[in-house]
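What follows is a single structure, written as structure tokens, with notes after it.
We use all heavy atoms of the structure for the numbers below, so side chains are in, but hydrogens, waters and symmetry mates are not.
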Number of protein chains: 2
Amino acid sequence: MNAKKTTQQAPECKEQLIAIKDTMILLSGKWKIQIIGWLLLYGKVRFMDMLRGIEGIAAKMLSKELQELEQNQILARTVMPTKPVTVEYELTEHGKTLSGVIEAVSAWGITHRKFLFKKER
Amino acid sequence: MNAKKTTQQAPECKEQLIAIKDTMILLSGKWKIQIIGWLLLYGKVRFMDMLRGIEGIAAKMLSKELQELEQNQILARTVMPTKPVTVEYELTEHGKTLSGVIEAVSAWGITHRKFLFKKER
DNA sequence: CAACTTAGTTTCATAAAGGAAACCAGTTTC
DNA sequence: GAAACTGGTTTCCTTTATGAAACTAAGTTG
């Protein structure tokens with residue numbers, strides 16, 4: 001995983017770095033990863049549940065982020081024929097393949113918290 | 001990993017979701033994850049190497065992102081006593097614990113590319 | 001001394017992200 | 001019918017993020 005550079009030439013662009021860029025284009029922003037984490041934890045979720053549950057998100061943002069994730073086939077939107085119409089969102093099979101990313105991000109957050117705690121004492 | 005909601009109450013806030021939020025605060029932006037990916041691949045890297053190698057980044061951005069990552073103890077900055085001063089950046093031990101995240105992000109980018117490819121034919 | 005290198009910083013400007021609040025449409029309950 | 005609920009959309013506004021280009025500072029080379 002190491003390749004020292006002594007010249008001033010830029011190293012060739014590794015596929016992994018391109019893949020990182022591609023992924024981050026889809027997941028950038030303050031809310032997308034949180035939304036996906038929610039769907040991984042809770043399965044099918046209604047719009048208002050997310051709006052109330054994801055602290056601080058505004059309806060406009062939630063709506064926009066859900067649309068973008070749907071366009072990228074990360075999640076699916078289903079309108080239910082209930083009394084007041086409800087809409088359910090859930091991860092697609094492809095969306096579920098993000099679980100590795102979400103879990104890694106989540107695990108590191110906990111690692112980082114411990115790191116900060118160790119330091120301050 | 002599933003907890004259906006039928007009530008209108010928001011589900012309690014899971015630790016994992018907080019951890020996701022914490023992590024994304026540190027890694028948000030267009031460049032940070034790419035920079036960390038670079039340092040994981042190449043070890044010690046000089047400022048100008050990154051500036052030339054990370055496609056599209058401007059000096060101001062690189063400088064700012066490196067400062068933020070240093071403040072969060074993800075990487076370390078070392079001024080080398082060379083002819084024209086050079087500065088080396090490398091991940092700290094703590095920064096290296098991000099490898100799981102970076103690898104997951106990178107791997108998913110490749111998964112996603114395959115998914116798109118399968119669909120279009 | 002002029003020109004070039006490294007490693008930035010500063011300035012000026014634009015683009016993208018995010019948010020609060022009001023509004024809309026359909027349905028239901030009081 | 002008034003009020004409430006679901007799931008949004010629209011408007012207006014503020015904050016961040018990002019960028020290109022010029023500029024600084026110290027040392028090096030021709």
Side-chain angles (χ1 to χ4, degrees), chain A residues 5-11 20-21 24-35 38-39 42 44-72 75-90, chain B residues 4-11 20-21 24-36 38-39 42 44-72 75-90:
Chain A
K5 276 290 141 181
T6 10
T7 77
Q8 297 153 241
Q9 287 305 102
I20 289 171
K21 200 171 180 177
M24 295 319 291
I25 287 170
L26 295 194
L27 301 186
S28 69
K30 194 170 168 181
W31 304 108
K32 291 209 188 71
I33 293 192
Q34 281 186 75
I35 290 171
W38 244 72
L39 294 175
Y42 297 111
K44 284 185 184 164
V45 186
R46 284 180 290 141
F47 186 86
M48 290 306 288
D49 282 344
M50 279 193 265
L51 190 56
R52 296 202 186 94
I54 300 180
E55 202 189 303
I57 198 169
K60 187 186 80 172
M61 270 294 119
L62 182 55
S63 174
K64 201 195 68 179
E65 302 287 64
L66 289 171
Q67 278 172 30
E68 288 178 26
L69 290 170
E70 193 191 351
Q71 276 163 29
N72 288 315
L75 55 78
R77 178 178 178 277
T78 315
V79 179
M80 306 298 283
T82 48
K83 350 14 171 4
V85 176
T86 54
V87 179
E88 285 184 354
Y89 292 90
E90 69 181 319
Chain B
K4 274 284 189 51
K5 277 289 142 183
T6 10
T7 78
Q8 296 151 241
Q9 286 305 102
I20 288 171
K21 201 171 179 177
M24 295 319 292
I25 287 170
L26 295 193
L27 302 185
S28 69
K30 195 170 170 182
W31 304 110
K32 291 206 189 74
I33 293 193
Q34 282 186 75
I35 290 171
I36 296 166
W38 244 72
L39 294 175
Y42 298 112
K44 283 183 185 164
V45 186
R46 285 179 291 140
F47 186 86
M48 289 308 286
D49 281 344
M50 279 193 265
L51 190 58
R52 295 201 186 93
I54 300 180
E55 203 188 304
I57 198 168
K60 189 186 78 172
M61 271 294 118
L62 181 55
S63 175
K64 201 197 65 177
E65 302 287 63
L66 289 171
Q67 279 172 28
E68 287 179 26
L69 291 171
E70 193 191 353
Q71 276 163 28
N72 288 313
L75 54 78
R77 178 179 180 274
T78 315
V79 179
M80 306 298 283
T82 48
K83 351 14 171 7
V85 175
T86 54
V87 179
E88 284 183 352
Y89 291 90
E90 68 181 320

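In this structure, CD1 of B:Ile35 is placed 13 Å from C1' of D:dT18, rounded to the nearest angstrom. When the P atom of D:dA17 is taken as reference, atom CG of B:Leu62 falls 16 Å away, rounded to whole Å. Between the CD1 atom of B:Ile25 and the P atom of D:dT16 there is a distance of 13 Å, given to the nearest Å. Summarising the geometry, the separation between CD on A:Glu88 and C1' on D:dG7 is reported as 13 Å, rounded to the nearest angstrom. The separation between B:Ile54 atom CD1 and C:dA7 atom P is 14 Å, rounded to whole Å. The distance between atom CE of B:Met48 and atom P of D:dG27, rounded to the nearest whole Å, is 19 Å.
Once rounded to the nearest 0.5 Å, the distance linking CD of A:Glu65 with CG of A:Leu27 reads 10.5 Å. Taken from CG in A:Leu66 to CZ in A:Phe47, the straight-line distance is 6.5 Å, to the nearest 0.5 Å. A distance of 5.0 Å separates NZ in B:Lys21 from CD in A:Gln34, rounded to the nearest 0.5 Å.
Checking the phosphate oxygens (OP1, OP2) of D:dC5, no side-chain nitrogen or oxygen of A:Arg52 falls inside 4.0 Å.
Using a 4.0 Å cut-off between a side-chain N of Lys or Arg and a carboxylate O of Asp or Glu, A:Arg46 and A:Glu88 do not qualify as a salt bridge.
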*Apply side-chain contact (heavy atoms from CB on, under 4.5 Å) to A:Ile35 and A:Leu62, showing your working.*
CA-CA 9 Å; A:Ile35 290 171; A:Leu62 182 55; 3.9 Å; yes

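With a 4.5 Å cut-off on side-chain heavy atoms, A:Met50 and A:Ile57 do not count as touching.
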*Encode nucleotides 8-27 of chain C as B, S and - characters from 5' to 3', where the letter depends on protein heavy atoms closer than 4.0 Å: B to the base, S only to sugar-phosphate, - to neither.*
SSBB------BBB------S

